[in-house]
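The structure appears right after this line, and notes come after that.
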Amino acid sequence: MEMENAILIPQKSALAINNILIVDDTPDNLRLLSKTLIQEGYKVRCAVNGSMALLTIKAKLPDLILLDINMPDMDGFEICKILKDSVLTRDIPVIFVSALDEIFDKVKAFELGAVDYISKPFQIPEVLSRVSNQLNLQNLRKQLIQKNQLLEIEIKNRISAEQEIRQLNVELEQRVVERTYQLRTEIQERQEVQKKLEYLAWNNSLTGLPNRLWLIEKLKRILNRASSANQEKLAVIILDCNRFKIINDSLGRQAGDSLLKMISERLRSQISDRPSKIHITHFGEDKFAIILENIQNVDQAIAESKSIHQVLSPAFVIEQREIFITVNIGIVINNSNYLQPEDIFRDADLAIQKAKTSSSCYYRVFDSTIQNNALAILELETDLRIALKRQEFYLNYQPIISFNTGKIVGFETLARWNHPQKGFISPGKFIPVAEQTNLILPLGMWILKEACQQIRIWQDRLDNQHRDFTVSVNISGKQFEQENFITQLDRIIADTGINIKHLKLEITETLLMNNTEIADRIFSQLKARKIQLAIDDFGSGYSSLSYLARFPVDTLKIDRSFVSRLDEKNQASTIVKATLDLAHNLGFDVVAEGVETAEQIQQLKDWGCEFAQGYYYAKPLDEDSAWEFMKLNLASATNN
Ligand code: C2E
Ligand code: MG
Ligand code: MG
């Protein structure tokens with residue numbers, strides 16, 4: 001407050017430059033007043049009448065006017081009124097000057113805007129005091145106005161600054177909103193990527209089903225739960241699609257992928273009504289696994305397996321072809337012995353293997369006999385390795401007879417194993433294990449060599465009689481697939497020096513089905529060497545005769561399971577008859593396997609079957625008995 005007052009107090013120097021206009025028609029007055037004021041340091045101008053006064057004012061605005069009231073042309077009131085009416089001059093303070101004896105209307109003077117009045121004759125100190133007061137007031141007013149203007153500018157500035165701040169705030173808020181939105185979408189995107197990664201980790205990208213990893217986690221949780229609380233019954237069903245590899249190889253990966261998707265869809269539809277208790281996973285390439293939670297008994301799992309089998313039975317249409325798949329199913333019911341998911345998978349796999357070797361049932365529930373069996377197989381494998389080293393194997397020869405002439409046309413060689421402790425082990429038992437473990441490769445080569453050595457012996461003995469006899473050797477698919485099979489065969493033939501016409505190779509139809517390309521390649525190499533070929537166990541697999549027609553085969557061997565059922569009036573007879581007709585049309589000759597009765601012989605003979613092999617004529621014989629049999633048979637036949 002004090003500061004402000006200090007600023008408002010006029011300085012002496014400021015007063016010095018104030019200029020004052022004196023308007024009076026009396027020259028003495030003018031002189032006296034102007035002299036006094038000039039002496040005080042004011043700039044003074046004088047006017048002797050109204051019109052001159054107005055002109056002077058217009059030329060330069062005075063800071064104060066001393067205005068005489070009584071003047072001839074225009075009195076002081078009039079001049080004052082003119083001044084107050086003009087924006088330019090209305091703020092100039094006017095002090096009226098009047099003689100004491102004049103009648104002076106003070107009220108009118110103030111109404112007109114005068115600020116003070118002085119009486120004549122002058123009291124000089126009074127004049128100076130009044131003038132100085134008015135000038136001070138005027139200066140203060142001016143300063144106030146200036147200050148007001150400054151304040152107004154300041155206020156304006158503040159308002160615009162505030163507006164600017166407000167604007168900046170708005171912009172800032174806008175940017176915060178935008179950035180928040182950006183961050184939110186970034187977070188969302190990241191979460192989506194995360195979700196996608198997680199999805200891929202737990203699901204098969206082709207079928208969209210949960211994968212093996214998911215299954216392992218799920219089972220771990222269930223097994224943990226089971227070990228802590230009451231055990232809840234649970235079944236794991238693993239499904240193995242059998243012909244997937246063939247479809248992939250023959251129609252291409254894309255077709256294989258479509259097939260897997262279709263299988264998944266059918267499986268999904270199978271469980272759509274109870275999604276919480278049953279889970280389907282894509283376990284491996286052509287394997288699916290199903291978990292059944294909270295089941296009451298095994299029958300429930302079997303029923304489920306049957307309906308899965310049923311839902312997959314109808315044809316799948318891929319690239320305008322109808323494709324059928326077959327499945328084998330292994331079922332495991334959990335118990336406290338299972339600590340790891342892998343244990344369950346191992347047993348399910350054993351059950352699948354068991355189901356595969358069974359001709360009657362496509363599914364199998366794992367039980368302890370399978371377990372023991374698996375152990376037995378393991379033991380057998382060890383024994384087989386030792387047997388190979390110790391040469392515990394030998395060959396038997398089973399005669400093959402012509403229906404027409406009753407003459408022997410050759411033998412089938414059959415592998416035999418005499419285990420030093422366990423005695424005779426059937427090839428039906430050890431050949432599959434040898435195939436699983438690849439031991440069939442060295443064993444098969446040994447058999448082939450042994451058979452060829454035998455051919456050489458018989459060929460030499462029969463030389464002068466020019467006998468056309470053939471010795472058939474069973475060849476496993478595993479051997480056939482070997483790159484060097486033909487090379488090894490060539491070497492054995494060269495080493496033993498046999499006549500190639502005495503050798504025939506027997507392979508199963510499943511080998512052709514699974515390895516069409518390999519079969520084509522090797523068959524043409526065999527044909528180039530004029531080695532004869534027989535299809536073994538025909539009818540036990542899936543192939544059709546028309547399918548076999550593309551291969552350069554000489555002989556078809558009808559599976560024993562058909563021949564043994566010929567006596568009954570059933571479908572087997574029809575199949576055998578049809579097979580014979582078709583085989584002959586295709587130029588194959590036919591051997592009936594496992595002929596045991598005269599009725600069978602009669603029937604087969606009537607239908608035009610060329611050859612027979614079976615206990616009716618002879619069991620598989622050792623080499624000496626086989627030679628005796630041949631000699632006797634040839635002699636009797638020649639006698640005929
Ligand atoms: P396969 O090649 O179909 O052999 C015919 C099987 O039927 C032989 O059984 C034979 O003894 C048997 N058999 C012959 N006639 C009759 C009959 O009238 N009644 C009955 N009930 N059975 C008869 P084996 O010797 O037990 O051989 C079984 C299978 O083992 C063979 O079936 C063949 O697949 C495989 N095998 C045998 N020897 C060899 C071999 O040297 N190499 C390969 N890779 N597999 C072999
Ligand atoms: Mg055979
Ligand atoms: Mg056979």
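Order of appearance sets the numbers: ligands from 1, and atoms from 1 within every ligand.
Aromatic pair F345/F283: ring centres closer than 6.0 Å.
Distance check for E593 against the Mg ion (ligand 2): none of its N/O/S atoms falls below 2.8 Å. Within the 2.8 Å limit, D537 places at least one N, O or S atom next to the Mg ion (ligand 3). At a threshold of 2.8 Å, the Mg ion (ligand 3) has no backbone or side-chain N, O or S atom of E412 nearer than that distance.
Dense packing is recorded around CZ of R521, with more than 12 heavy atoms of other residues, nucleotides or ligands lying under 6.0 Å away. Summarising the local packing, CZ of F244 is surrounded by more than 12 heavy atoms from other residues, nucleotides or ligands at distances under 6.0 Å.
Between the side chains of D347 and Y338, at least one donor N or O lies within less than 3.5 Å of an accepting N or O. In this structure, a donor-acceptor pair under 3.5 Å is absent between the side chains of S402 and N404.
Taking each heavy atom of E593 and D559 in turn, the nearest pair found is OE1-CA, 3.4 Å.
Residues of the protein with a heavy atom under 4.0 Å from ligand 1 are Q398, E412, L414, A415, R416, P427, I431, I447, N474, S476, E506, D536, D537, R560, E593, G594, V595, E596, G614, Y615, P620, listed by chain and number.
For E506, the N/O/S atom at the shortest distance from the Mg ion (ligand 2) is named OE1.
Checking each of F430, F424, W446 against W417 for a ring-ring contact (aromatic ring centres under 6.0 Å, His included) leaves exactly one that passes, namely F430.
Angle subtended at the Mg ion (ligand 2) by N474 OD1 and D536 OD2: 90°, rounded to 10 degrees.
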Check your understanding: Please walk me through it: do D581 and K577 pass salt bridge (Lys or Arg N to Asp or Glu O under 4.0 Å)?
Key -> CA-CA 6 Å; D581 289 346; K577 169 87 169 71; 3.0 Å; yes
